[in-house]
Amino acid sequence: MSAIIMSYVDTRRQEQSRRRLVKAAQWCGLLPMLAGSLILLGWVATGSNLLPLLGGLNVVLGIALFGAGLGLVYALYLQTGRTLPGMGVALGLLLANFPLAIGYAVVAGKVEEQRMQQQQCRQMAKSWGDEPTGLADARRPPC
């Protein structure tokens, strides 16, 4: 009777341990996603020069977390011989980081292009003078 109870306790502990590992794999996908989103939003709002560097670091760390998360999922699959609840979510989060990072890079490029155009526009307006010279100039925006 005691052996049956011990076997049940060990099985329960293994199952809890596996659930924790699946959650860890999910976090490996979620952390770079959240960090990248916050970095992009902060950069769009502030234009800080530090945030693109943090974005690059996030990409490097995101690739490392992708490998760790994928390793966890694969090790659990090899150990159990089946997929566990939450493994699909973990794989989805891990894989979703790649198109999201590409999308964020495109958005950042567009925002930077707009900022550069606005800066050129301001410089031209300063060099030509801020005062409009006629009615047509008053209705037309500087750039």
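- Both Leu31 and Leu93 are members of a single hydrophobic cluster when ILVMFWY side chains are connected at heavy-atom separations under 4.5 Å.
- Apart from Ile63 itself, the hydrophobic cluster it occupies contains Val59, where clustering links Ile, Leu, Val, Met, Phe, Trp and Tyr at side-chain heavy-atom distances under 4.5 Å.
- Both Leu21 and Met87 belong to a single network of hydrophobic side chains, linked directly or stepwise wherever heavy atoms of I, L, V, M, F, W or Y lie under 4.5 Å apart.
- For the ring pair (Phe, Tyr, Trp, His ring centres under 6.0 Å) condition, the pairs that include at least one residue of residues 44-68, sequence neighbours left out, are Phe66-Phe98.
- Using a 4.5 Å cut-off between side-chain heavy atoms of Ile, Leu, Val, Met, Phe, Trp and Tyr, Ile102 forms no hydrophobic cluster with any other residue.
- Of all the heavy atoms in Met33 and Ala96, the pair that sits closest is CE-CB, 3.9 Å.
- With contacts defined as side-chain heavy-atom distances shorter than 4.5 Å, the pair Leu70/Leu91 qualifies.
- Screening residues 74-97 for side-chain hydrogen bond (donor to acceptor under 3.5 Å, both in side chains) gives no qualifying pairs among residues at least two apart or on separate chains.
- Judged as a side-chain hydrogen bond (donor to acceptor under 3.5 Å, both in side chains), the pairs with a partner in residues 24-37 (not counting sequence neighbours) are, in order, Ser37-Tyr104.
- Cluster annotation: Leu65 and Val22 are assigned to distinct hydrophobic clusters (Ile/Leu/Val/Met/Phe/Trp/Tyr, side-chain heavy-atom contacts under 4.5 Å, transitive).
- In this view, Glu112 satisfies the salt bridge (Lys or Arg N to Asp or Glu O under 4.0 Å) rule with no residue, not counting sequence neighbours.
- In terms of heavy atoms, Gly69 sits closest to Ala25 at O-CB, 3.9 Å.
- When the side chain to side chain contact (heavy atoms under 4.5 Å, CB included) test is applied to Leu54, the partners found at least two apart in sequence or on another chain are Ile39, Leu50, Leu51.
- Pairs engaging residues 16-25 under the salt bridge (Lys or Arg N to Asp or Glu O under 4.0 Å) rule: Glu15-Arg18 [sequence neighbours left out].
- If you chain together ILVMFWY residues whose side-chain heavy atoms come under 4.5 Å of each other, Leu61 ends up grouped with Leu57.
- Legend: side-chain hydrogen bond (donor to acceptor under 3.5 Å, both in side chains) pairs involving residues 43-58, not counting sequence neighbours: none detected.
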